[in-house]
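First the structure, in the form of structure tokens, and then the observations on it.
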There are 2 protein chains.
Amino acid sequence: MPDGADKKPSRIQQRNRGLILDAALDVFSKHGYRGATLDQIAEAAGLSKPNILYYFDGKEEIHVTLLNQLMETWLDPLVTLDPDGDPLQEILGYVQRKLDMARDLPRESRLFAGEILQGAPRMAPHLVTGLQPLFDEKCAVIRVWMEKGALATVDPRHLIFSIWATTQHYADFDAQVQVLLRDDPDRHGGAAEYLATMFTKLLSP
Amino acid sequence: MPDGADKKPSRIQQRNRGLILDAALDVFSKHGYRGATLDQIAEAAGLSKPNILYYFDGKEEIHVTLLNQLMETWLDPLVTLDPDGDPLQEILGYVQRKLDMARDLPRESRLFAGEILQGAPRMAPHLVTGLQPLFDEKCAVIRVWMEKGALATVDPRHLIFSIWATTQHYADFDAQVQVLLRDDPDRHGGAAEYLATMFTKLLSP
DNA sequence: GGCAATTTTTACCATTTGGTAAAGACACGA
DNA sequence: TCGTGTCTTTACCAAATGGTAAAAATTGCC
């Protein structure tokens, strides 16, 4: 039984847990937590439902596992914001990385968005212990940059919110963006250029 | 039977349909379409489940009714964007109105966000017939303003996206914002000031 | 007050869904 | 090859859920 924090997982265990998590990411991000069913996940993973419950204790554990895994990837671009780099370039680089993530990992973006949208019922602790300290730290970094005169002064907290909002929008509201930008062959490039302009004008001292 | 487009609705009908829709907005916005149950809606409305199904054909009809109703309210600030007004003031006013809506109508914002997040399964037609023409029209207005030199030139489509994203973020990601801004007594004011600064710097010619 | 139409309740039902028990298939080291 | 532990399937189940039928209550008009 591959339950708690037992010994090292077998090759089959690793493969199947991977299959399940990938399938679950698909299904959860498409239908939300309640909208997703174990049967859908099972079919997407190519396994039987009881077999899935052999690897995970239940639907909720799959979801939480996914969320925990995601947090790392998700915060990584913010982690790499370098206090010793060129302030404006650091911010613009961060915007770019977040925008790339919205394009390359839309399922992850939507999974996260869905969880927050419903009040973060399965993630509130993680927000406080994982996100909050990092957020405060990077706000302080940005504040220092502004005090040095390397960036125009704005509230760093709302600055970060606006970066998150504008980049993730392209993943989370894709259904809408697709309707309104129907035949634009270079949506990503257009967004990248627009956001670079916006944050450059905002932050140039 | 208060079914199709019959005669004028009775007073009871008007009241109860109102109760149901308000309760449903609560429940749907909190748990999403699949996560919401008729029992929850019934309890929130103070009516029995079969009684609810006396006024609406089913869960889906309630949801769709809500979405359709919402569209009007939702697009209103964009409708009132006046081609003959002062360009920058018009945009800033639009931002402000959207931000106020995020504060005053968070349930509506989250209902909408949840629907789009899942691919707009019950709203795609409305996006094409209602939103798209308005979006194109207002993009054209903004483009004219830019060509006249009244605004700095940026892609109007991404400009509008960034307004939507940054304002709705405060409603849709409230669970996150609340954690990160825990003891800020003036979140709304701070956001308003930040966004005014951002869009002013972006658009000032 | 009487009566038809409207509204509400009671008692159900079929399906879906998360989950379990236990038997069976399989892998792999001795 | 044999046996032990790992993995998978089959056959279920109880609860939740969207929905219905029809009786009972209520409303509103004459």
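Scope of the values below: all heavy atoms of this structure, side chains included, with no hydrogens, waters or symmetry mates. Fair warning: this is a prediction, and the values are worked out from it, not measured in the lab.
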- Between the side-chain atoms of K49(B) and the base atoms of dG18(D), is any donor-acceptor pair under 3.5 Å? yes

- Message: Do R17(A) and F56(A) form a cation-pi contact, if we require the NZ or CZ to be under 6.0 Å from the six-membered ring centre and within 45 degrees of the ring's axis?
- Response: yes

- Message: What is the separation between atom NE2 on H63(B) and atom P on dG18(D), rounded to the nearest whole Å?
- Response: 13 Å

- With respect to the side chain of L38(A), which nucleotide from dT9(C), dT8(D), dG19(C) is positioned closest? dG19(C)

- Message: Without decimals, in angstroms, what is the distance between D39(A) CG and dG18(C) P?
- Response: 7 Å

- Message: Looking at dT9(C), I'd like to know if its phosphate oxygens (OP1 or OP2) sit under 4.0 Å from a side-chain N or O belonging to S48(B).
- Response: yes

- Contact class for A42(A) (heavy atom, under 4.0 Å): base, sugar-phosphate, or nothing? nothing

- Query: Is a salt bridge present between R103(A) and D100(A), judged by a nitrogen-to-oxygen distance below 4.0 Å?
  - Reply: yes

- Item | Nearest-Å distance for atom pair NZ/P, residues K59(A) and dA16(D) | 14 Å

- Between dT6(C) and Q13(B), is there an OP1 or OP2 to side-chain N/O distance shorter than 4.0 Å? no

- Query: Would Y170(B) and H158(A) count as having a side-chain donor-acceptor pair, cut-off 3.5 Å?
  - Reply: yes

- Check every atom of dT9(D), dG18(D), dT8(C) against the side chain of P50(A) and return the nucleotide holding the closest atom. dT9(D)

- Message: Heavy atoms only, 4.0 Å cut-off, all strands: where does L53(B) land among base, sugar-phosphate and nothing?
- Response: base

- Nucleotide dT17(D), atom P - distance to CZ of F28(B) in whole Å: 13 Å

- Rounded off to whole Å, could you give me the CZ-to-P distance for the R15(B) and dT6(C) pair? 17 Å

- Value in whole Å for how far the P atom of dC7(D) lies from CG of L47(A): 12 Å

- Item | Euclidean distance, atom CG of residue D57(B) to atom C1' of dT20(D) [Å, nearest integer] | 13 Å

- Y33(B) six-ring face occupied by K59(B) cation (under 6.0 Å, within 45°): yes

- Message: Assuming nearest nucleotide by heavy-atom distance, tell me which of N51(A) and R34(A) is located more 5' along DNA chain D.
- Response: N51(A)

- Message: Side chain of Y54(B), heavy atoms from C-beta onward: which of dT6(C), dC7(D), dT17(C) has the nearest atom to it?
- Response: dT6(C)

- Task: Whole angstrom is fine here: how far is it from CZ in F56(A) over to P in dG18(C)?
- Result: 15 Å

- Message: Could you tell me if the side chain of L70(B) sits less than 4.5 Å from the side chain of L66(B), heavy atoms only?
- Response: no

- For T37(B), which contact category applies under a 4.0 Å heavy-atom criterion: base, sugar-phosphate, or nothing? sugar-phosphate

